[in-house]
Amino acid sequence: MSRRHTHLRTESGIPTAATRATPSSSSSPSSTYRLQLCPEFPFAAAEKTVPYLASLGVSHLHLSPVLEAVPGSAHGYDVTDHSRVREELGGERGLRGLAAAAREHGLGLVLDIVPNHMAVPSPLHLNRPLWEVLREGPESPYARWFDIDWEAGGGQVLLPVLGEPLDPAACTVGEGLLRVGGAWEFPLRAGTAGLPVAELLAAQWYRPACWREARTGLNYRRFFTISQLIGVRVEDPEVFTATHAKLLELVRDGVAAGLRIDHVDGLADPGAYLRRLRAAVGDGCWVVVEKILAGQERLPAGWPVAGTTGYDALRRVDGVFTDPDGAAGLDRCYRESTGLPGWEDTARACAREVLTGDLAAELGALERAAGPGTAPAVREVLIAYPVYRPYPGGGELDPGALAEAARRAGAVAVAGVRDLVRGDPAFAARFAQTSAALRAKALEDRAFYRYAPLLSAAEVGGDPGRPAVEPDGFHAYCSVLERDWPGSGTVLSTHDTKRSADVRARIAALSQAPELMDAAGAGAGAPGYDPQLAWVARQTAYGLGEVPDRAERLAGALLKAAREAALRTCWTEQDAEYEASVARYVPAGAEGVELPQALAEAARANLLGMALLHLAMPGVPEVYQGAETEYRALVDPDNRRPARFPREALTRLDAGAAPEGVAEEKLQLTAALLRLRRDRPQLFTGYAALAARGPAAGHCLAFARPGGLVAVATRLSLRLARAGGWRDTVLPLPPGRWRPVLPPPPGAAPPPAPYEGGVRPAELLAGRPVAILLRTGDGGGSGDSGRSGDGGRSGDGGRSGDG
């Protein structure tokens, strides 16, 4: 639902081709387009976008979860019924209608599925399996669905759903129900209706409680720290069958051509789950997993998937447009102005806080299972663990984590943890699931908000301690991705990113002008002044810029950032006086919001360069709704605002109009590459880095797809300008004659002839910081390949059928 990495041999994040499980990438989309469904944007509304999206050039629509969810849910990850398509979206008839309309336009559907958890909804009876367990207890046929520790709860499931501690006087009984305060209804255990209230409450298979009790008393597995989402045991074959029957039917019927697996790290045995799923859907279904690869971690070779959802690509694309020297300067300035520690210390402190606080119930269960002599080591191993989790059959626990934990808890105790993980499958699974939740909550949802020298690096899948990626590292990653996981997803903006790609592009430009952040200290010394929040506010304001509802959107994002950072306030212990002061950090006017002209040009180069790399590099790129044009969004719910689809602008560009501003420049670039991917997939095979020569070679990031395409981007453009520009830098080209895909910008002369042998970036990139070249003789031309007068389809070659 939410939620790593660079050198070819040491940090690729991917296994070698010789050891990975396949299916073939032949079923992979050419690209996907994410649509966020909700009651205000149901299947019928999505259907109306199909002609436009087909003309844009995507091959598949990627839908947020479609199964029955909590009424009014804006996201659909709170599933209540796996057997039904969500009625608020238009039901199964609406989904099948959308699939048919998509098929008519050559598009397939990819469904986002949620195997890890279900909702603890209001009303509770919406989740029938859970309702039956609450009524019948551990003997219920549905008891196997959920990870419930009945012994830890004294034979009852703790239900932390109440706003206040349970008041027996607020309880009433009738019609087989226990009602609490008029807001909640619970099922009564058979034979208990006539008991006095105190005895009746003690006799149930559950105990209603205040939400605060979840931290220490919860006895069911949940999604991260969200007690309203109860973990599902899909490792049980019967549970898998029951929870996947409708989804498998949709795949068999051709409604769905691909699946995105949400939060695969929450499962007891992700590999076994994915093998069972692959057997059920066959090799023709494209499957990717939401999986964060941390440090030198590799995607497990035995997983029969096309790859990840793409956060590993996001970090490389972002990082290659980040100036390492400027980022280091921002880090020094941030630590001096805030007095806060560096990244490693921040990450460790946040891990300890979250594990012993928010995840105290999960830690307590592991410590009880480990026993008193080993319990302290459980804590230390979890805190030191460098990746999200270990996997069954994956070998030993990480040796570095064991060594670090041994220094704190003793070698004997750590050996006990290792032996438990080796020999006790139940302990191993719960350890792994807790580790995944800890990494997500401690890093993504706390440390990334607390440590803020460069906010563009504090992104899902990112590494704020090493925000920059050198070109060699980017090329190494792409080479291995193309060799081993060519069907893996790649993303820049998602429903889970804390800042959209175009916001991050603007913030990353600050790494080329770190002196601009000196003004973040303005106001220091005032009563109650928070230098950390001031720093966050200034970068966030620069990233968002002057947009509609700016003050309101900034204030909402800053309040969330302050609560997540948990330095002065937090979600569970809110400081009302401090929170009331948050809005004062929002700039009142354009000053402190819009970037200076030179930096705005650097942001434009970043924005277009990131889009180019994402759409031309190996993998299957996904465009988030509305992000084909300039898309500035902050953390949810801001990034789930109603999408704007630039139909009219695309029509004008297709008719030959020049793009107006960076938004239309991005749209033109995006449409050109998406259409090439769909209509001429052979262009996007193979990968070869291209190295420029000359005084500004390091600012030219280029690669060839040997099928006949070259992509060229400008990196660190402000530093380039300050150093004197491109001068006599030359980019050697592969053999052949090469023409630009995009028409020359207004006022720029067309290329005198096809390029051969090499090209000067000063000429190629004179009016636009990016370029796409096609080899002539391969069907390429000067502009026509990026445009299509028939709405972006080029005969049957542009059709993907139903996937």
Side-chain angles (χ1 to χ4, degrees), residues 313-324 326-327 456-457 459 467-475 477-478 490-493 499-513 543 595 598-619 621 623 627-632 659 661-670 672-674 689-692 696-705 709-721 725-726 729 731 740-742 745 761-762 764-773:
L314 182 154
R315 185 201 163 214
R316 273 52 175 234
V317 174
D318 276 15
V320 83
F321 291 98
T322 299
D323 184 342
S456 57
E459 191 49 83
V469 172
E470 294 296 333
D472 285 350
F474 175 82
H475 292 311
Y477 168 78
C478 288
T490 64
V491 294
L492 288 186
S493 298
R499 300 157 196 92
S500 67
D502 297 345
V503 170
R504 299 197 309 275
R506 291 167 60 87
I507 295 174
L510 293 171
S511 69
Q512 300 177 63
L595 297 168
L599 207 58
E601 282 300 312
R604 169 177 172 256
N606 285 357
L607 182 152
L608 295 175
M610 289 163 63
L612 172 75
L613 299 193
H614 177 218
L615 297 171
M617 69 187 283
V623 178
E628 63 270 30
T629 184
E630 187 177 25
Y631 174 68
R632 299 186 199 174
V662 68
E664 292 191 4
E665 286 186 291
K666 183 183 180 185
L667 178 60
Q668 183 184 58
L669 174 69
T670 300
L673 284 165
L674 290 177
L690 298 180
H699 293 278
C700 182
L701 184 68
F703 57 84
R705 308 303 303 268
L709 181 143
V710 165
V712 187
T714 306
R715 63 183 297 268
L716 310 185
S717 64
L718 180 60
R719 293 289 171 98
L720 171 67
W726 291 109
T729 301
L731 174 66
V741 169
L742 299 175
L764 179 66
L765 306 176
R768 185 186 288 120
V770 297
I772 316 164
L773 302 176

> Taking it one step at a time, do Arg315 and Val469 satisfy side-chain contact (heavy atoms from CB on, under 4.5 Å)?
Replying inline: CA-CA 8 Å; Arg315 185 201 163 214; Val469 172; 4.2 Å; yes
> Can you list the residues that meet the salt bridge (charged side-chain N to carboxylate O under 4.0 Å, His left out) rule with Arg768, with sequence neighbours excluded?
Replying inline: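 Per chain and number, Arg768 pairs via salt bridge (charged side-chain N to carboxylate O under 4.0 Å, His left out) with no residue.
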>> Holding to salt bridge (charged side-chain N to carboxylate O under 4.0 Å, His left out), I want the full list of residues that pass it with Glu665, two or more places apart in sequence or in another chain.
In response: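 With neighbours one apart ignored, the set is Arg604.
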With rounding to the nearest 0.5 Å, note down the distance linking [atom1] in [X] to [atom2] in [Y].
X: Leu716; Y: Phe321; atom1: CG; atom2: CZ; value: 8.5 Å
X: Leu492; Y: Ser500; atom1: CG; atom2: OG; value: 10.0 Å
X: Glu470; Y: Leu701; atom1: CD; atom2: CG; value: 11.0 Å

Backbone of [Y] reached by a side-chain donor or acceptor of [X] within 3.5 Å:
X: His699; Y: Thr714; answer: no
X: Gln512; Y: Arg719; answer: yes
X: Glu459; Y: Arg499; answer: yes
X: Lys666; Y: Tyr631; answer: no

For [X] against [Y], the heavy-atom pair lying closest together:
X: Leu731; Y: Ala691; result: CD1-C, 4.2 Å
X: Ala692; Y: Thr729; result: CB-CG2, 4.1 Å
X: Val770; Y: Leu765; result: C-CD2, 3.7 Å
X: Met617; Y: Cys478; result: CE-SG, 3.7 Å
X: Ala696; Y: Gly725; result: CB-O, 3.8 Å
X: Ala702; Y: His475; result: O-CE1, 3.3 Å

Would you say the side chain of [Y] lies within less than 4.5 Å of the side chain of [X], judging by non-hydrogen atoms?
X: Leu669; Y: Ile772; value: yes
X: Val712; Y: Leu764; value: yes
X: Ile507; Y: Val503; value: yes

>> Restricting to side-chain hydrogen bond (donor to acceptor under 3.5 Å, both in side chains), what partner residues turn up for His614, sequence neighbours left out?
In response: Thr490
Who pairs with [X] by side-chain contact (heavy atoms from CB on, under 4.5 Å), at least two apart in sequence or on another chain?
X: Ala605; value: Ser717, Pro769
X: Ala663; value: Thr629, Glu630
X: Ala603; value: Arg506, Ala509, Leu595
X: Ala508; value: Thr322, Ser456, Asn606

> Pick one: which of Leu612, Val741, Leu742 meets side chain to side chain contact (heavy atoms under 4.5 Å, CB included) with Leu673?
Replying inline: Leu612
>> Assess the residue pair Arg504 and Asp318 against the criterion (salt bridge (charged side-chain N to carboxylate O under 4.0 Å, His left out)); give the C-alpha distance rounded to whole Å, side-chain angles, the decisive distance to 0.1 Å, and a yes or no.
In response: CA-CA 8 Å; Arg504 299 197 309 275; Asp318 276 15; 2.5 Å; yes
> Between Val710 and Leu690, does a side-chain contact (heavy atoms from CB on, under 4.5 Å) hold up when you go through it step by step?
Replying inline: CA-CA 9 Å; Val710 165; Leu690 298 180; 3.9 Å; yes
> Under 30°, 30 to 60°, or over 60°: which ring-plane class applies to Phe474 and Phe703, parallel, tilted or perpendicular?
Replying inline: tilted
>> Evaluate Arg715 against Asp323 for salt bridge (charged side-chain N to carboxylate O under 4.0 Å, His left out), listing each step before the verdict.
In response: CA-CA 9 Å; Arg715 63 183 297 268; Asp323 184 342; over 6 Å; no
